[in-house]
Amino acid sequence: MKPKVLVTREVFDDVLEYLSKHFEVISNQSDQPMDAETLASKLSDKQGAMITLSERIDATLLSRCPNLKAVCNIAVGYNNIDIEACNKAGVMATNTPGVLDDTTGDFTWTLILATTRRLTEAEAYLRAGQWDGWKLKQFLGLDVHHATLGIFGLGRIGQVVAHRATGFEMKVIYHDVRRAVSEIEEACRASFVSKEELLSQADIVTIHVPYSSATHHLIGKAELKQMKSTAILINASRGGVVDDVALIETLRSGTIAGAGLDVFENEPKFNPEFLGLKNVVLAPHIASSSKATRHKMAMLAAENLVAALTTGKPPNLLNPL
Ligand code: 8YV
């Protein structure tokens, strides 16, 4: 008998076909988000699951899934999975590193350019029929070329963002919990600075750290105050790394020039106050969403699930047991 697995959200047909060669697959192709109770009942007799950031895997859920051996995230970030609880329950957890770095880096630049040049604000004005002619001072933006880019987190995605800055002839500074090796710093043309230096010197502050208790509200009221009044903040990492209430206050008072956000606290029920602000560009967590990359992410998660349940050695194991 083939092991039973649950695919919690809609995925590509060929990914399901691949999984079906190995497993009896129960999949949520209708893409209805599941609450904790539905997830627990659907997972209670399964050996494996392919999940997304919308599904929380914790001790309570695991206690109801005695046969579960592997949970495979279709995401590089895995703050939706309690790794310690997985360890205790003997459940392997995997993620999808590497395959989304370029696409997420590209989208970070989409946010940087849209925010500095006020693209969504200008488009809304045009769509509302308010454009009555060219004006010299219309939608004056900020220059990206030759500006200083400050990167929090020079990991895989942070490095991609730094590489893309070369074309804009920017100065690149970064801060991280650990300084990168000199080869990476040289390849990225990035100089290591303190958190305070980054905040006070950067024209564009962009965040590429994972979410954890250590990075919760890494950017809050005090940090936003240290930024230049002409600077912008970009977040395509995880909600919770930025204190959204503090950011809203800062954007409203014009203490910084703007923000470009792909992620929010309490997604998808983000703070509605953002909607009333013109100096913020908003996106619904789509930084990795190119056709090719989302397909690679889903296929990699499927490969992890097959390897986990057949060999016990998935390529992207987060918790060697
Ligand atoms: C995913 C992401 O689309 O990989 C991540 O960590 O944030 C995105 O690329 C999202 O998490 C879906 O699960």
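Whatever order the structure lists them in is the order used to number ligands and atoms, beginning at 1.
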Partner residues of K88 under the side-chain contact (heavy atoms from CB on, under 4.5 Å) criterion, sequence neighbours left out: E84
Partners meeting side-chain contact (heavy atoms from CB on, under 4.5 Å) with Q29 (sequence neighbours left out): E10, V11, D13, L16, S27
Crowding at CZ, R117 (>12 non-hydrogen neighbours, <6.0 Å): no
Amino acids in close contact with ligand 1, where any non-hydrogen atom sits under 4.0 angstrom away: T52, L53, I74, A75, V76, G77, L100, R238, H285, S288, R294, M297
Ring geometry between W109 and F168 (parallel below 30°, tilted from 30 to 60°, perpendicular above 60°): parallel
Sequence-distant partners of F192, ring pair (Phe, Tyr, Trp, His ring centres under 6.0 Å), two or more places apart: Y174, H175
Geometric class of the H22/Y18 ring pair [parallel <30°, tilted 30-60°, perpendicular >60°]: perpendicular
